[in-house]
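Working notes, structure below.
Given the structure is predicted, the values throughout are model-derived calculations rather than measurements.
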Amino acid sequence: MEILRVENLSKIYGKGETAVKALDNISFSVSKGEFVAIIGPSGSGKSTLLHTLGGVDRPTSGKVMLENTDVYGLDETKLAIFRRRQIGLIYQFYNLIPVLSVEENITLPLLLDGRKADKGQLKEILSTLGLTERLNHLPNQLSGGQQQRVSIGRALINNPALMLADEPTGNLDSKSSHEIIELLKMFNKTFRQTLIVITHDERIALQADRIMTIEDGRITKDEVLRR
Ligand code: ADP
Ligand code: ADP
């Protein structure tokens, strides 16, 4: 079942002589439960693509359809709500809020929506992420791998349609990188969480179901490894 469809996506930053075409007429679709790795040289448009898929960065032209919603057809208020509920974003440097505890960081997307965490679900997420003993810690009291696990919890708390990760292991040692990838794969395989991950690490890309290569804002290769 198709969950994401991207049609003729282009993104131009700036105007006139200094304009940069970061995405050049990109089209593809992703099935529910698919794990897609995006690779490509620095500056090729990977982060721009991820942010555009995530409702964060409005494209210059083209369309993003996520579960039958035309993402950029939404007005800004609806888009903010849609993003919070349907998109889980994971960054290289975690983007946690330093003054909030682990539990507060994870449940923030719910609180912003005026909802409360389901205690059972929260407990399960914390235990899966190995954070049960860290509930009341602040981000700076945690290792990099633990902080990234918190950010995975925050991304998952709303059961998003799509999980997007931009170099999630880029700041971690190899042991923590391995743990993070195993967790992402577990959520992907066990809960059919659709997952798109930007990575420089070939070992990570090879774990995906599909590898898309972006060069100069275009898809130059789209390879299915497993179904
Ligand atoms: P990647 O993630 O593959 O390194 P990016 O998507 O970050 O590539 O960038 C693609 C191109 O768009 C680059 O040339 C970059 O300099 C440019 N770019 C990215 N963000 C902006 C921005 N906010 N303003 C202007 N140019 C940008
Ligand atoms: P803003 O009010 O600046 O638009 P948001 O309300 O979108 O910010 O989000 C506030 C915080 O919650 C941010 O730190 C953001 O990283 C986090 N957050 C919101 N939605 C998500 C999500 N879908 N996945 C991960 N983190 C999220």
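Side-chain heavy atoms closer than 4.5 Å link hydrophobic residues (I, L, V, M, F, W, Y) into clusters, and following such links, even through other members, never connects V36 to I39. Residues L100 and L112 share a single hydrophobic cluster, defined by chaining ILVMFWY side chains whose heavy atoms lie under 4.5 Å apart. By the criterion of side-chain heavy atoms lying less than 4.5 angstrom apart, applied directly or through intervening Ile, Leu, Val, Met, Phe, Trp or Tyr residues, V56 is grouped together with L164 in one hydrophobic cluster. Placement of L4 and M1 in two distinct hydrophobic clusters is found when ILVMFWY residues are connected by side-chain heavy-atom separations under 4.5 Å, directly or transitively.
Under a 3.5 Å cut-off, the side chain of T107 and the backbone N or O of L110 do not form any donor-acceptor pair. With S27 contributing its side chain and N8 its backbone, the two residues share a donor-acceptor pair below 3.5 Å. R5 contributes no side-chain N or O that, together with a main-chain N or O of M65, makes up a donor-acceptor pair within less than 3.5 Å. No donor-acceptor pair under 3.5 Å is formed between the side chain of E223 and the backbone N or O of I211. Counting only distance, with no hydrogens or angles, the side chain of N158 and the backbone of P160 share no donor-acceptor pair below 3.5 Å.
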Evaluate the side-chain contact (heavy atoms from CB on, under 4.5 Å) criterion for residues N95 and L89: first the C-alpha distance (whole Å), next the side-chain angles of each, then the deciding distance (0.1 Å), finally the verdict. CA-CA 10 Å; N95 284 13; L89 262 170; over 6 Å; no

Does I26 form a side-chain contact (heavy atoms from CB on, under 4.5 Å) with T52? I'd like the steps, not just the answer. CA-CA 11 Å; I26 283 190; T52 308; over 6 Å; no

Please assess F187 against L195 for the test side-chain contact (heavy atoms from CB on, under 4.5 Å), listing each intermediate value before the final yes or no. CA-CA 9 Å; F187 287 111; L195 177 63; over 6 Å; no

Go through it in stages, so that I can follow the logic: the residues are F191 and L156, the test is side-chain contact (heavy atoms from CB on, under 4.5 Å), and I'd like the CA-CA distance, side-chain angles, deciding distance and then a yes or no. CA-CA 11 Å; F191 304 107; L156 281 169; over 6 Å; no

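Taking the side chain as every heavy atom from C-beta outward, I3 and L66 approach each other to under 4.5 Å. E182 has its side chain within reach of Q207: a pair of non-hydrogen atoms, C-beta onward, lies under 4.5 Å apart. In this structure, the side chains of L172 and E179 stay at 4.5 Å or more apart for every pair of heavy atoms. No side-chain heavy atom of Q193 sits under 4.5 Å from any side-chain heavy atom of F35. Using a 4.5 Å heavy-atom threshold, the side chains of Y94 and V150 count as separate. R58 is listed as a side-chain neighbour of L79, based on a closest heavy-atom distance under 4.5 Å. The shortest distance between side-chain heavy atoms of L135 and L131 does not fall below 4.5 Å. Between I152 and M163, some side-chain heavy-atom pair lies under the 4.5 Å cut-off.
Contact record, P168 with L184: CG-CD1, 4.3 Å, taken as the closest heavy-atom pair. For N105 against P139, the heavy-atom pair with the smallest separation is ND2-CG, 3.7 Å. Between R154 and L96, the closest heavy-atom pair is NH1-CA, 3.9 Å. Of all heavy-atom pairs spanning V102 and R134, the tightest one is CG2-O, 3.2 Å. When every heavy atom of S176 is checked against every heavy atom of D173, the shortest pair comes out as N-OD1, 2.7 Å. The two residues G33 and N188 make their nearest non-hydrogen contact at O-ND2, 3.0 Å.
A salt bridge between R115 and D113 is present, with a side-chain N of the basic residue lying under 4.0 Å from a carboxylate O of the acidic one.
Here salt bridge (Lys or Arg N to Asp or Glu O under 4.0 Å) pairs that include residues 33-49, with residues two or more places apart or in two chains, are E34-R210. Among residue pairs with one or both ends in residues 60-70, none qualify as side chain to side chain donor-acceptor pair (under 3.5 Å); sequence neighbours excluded.
How far CE of M186 is from OG1 of T128: 5.0 Å, rounded to the nearest 0.5 Å. If you take CG on N25 and NZ on K11, they are separated by 15.5 Å, rounding to the nearest 0.5 Å. Atom CG of L23 sits about 5.5 Å away from atom CG of L9, to the nearest 0.5 Å. In this structure, CZ on R85 lies 14.0 Å from CD1 on I157, to the nearest 0.5 angstrom. Separating the CG atom in L49 from the OG atom in S44 is a distance of 9.5 Å, to the nearest 0.5 Å. Here I38 contributes atom CD1 and L50 contributes atom CG; the two are 6.0 Å apart, rounded to the nearest 0.5 Å.
Counting non-hydrogen atoms of other residues, nucleotides and ligands closer than 6.0 Å to NZ of K78 gives a total of 12 or fewer. In Q121, the CD atom is crowded: over 12 heavy atoms of neighbouring residues, nucleotides or ligands sit closer than 6.0 Å. Within a 6.0 Å radius of CZ in R227, other residues, nucleotides and ligands contribute 12 heavy atoms or fewer. Within a 6.0 Å sphere centred on NE2 of H178, heavy atoms belonging to other residues, nucleotides or ligands number 12 at most.
A side-chain donor from one of S151 and Q148 sits under 3.5 Å from a side-chain acceptor of the other.
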Determine all donor-acceptor pairs shorter than 3.5 Å in which one atom belongs to a side chain in residues 214-221; sequence neighbours excluded.
{"unit_1": "E215", "atom_1": "OE1", "unit_2": "T220", "atom_2": "OG1", "d": "2.5"}
{"unit_1": "R218", "atom_1": "NE", "unit_2": "D24", "atom_2": "OD2", "d": "2.9"}
{"unit_1": "R218", "atom_1": "NH2", "unit_2": "D24", "atom_2": "OD2", "d": "3.0"}

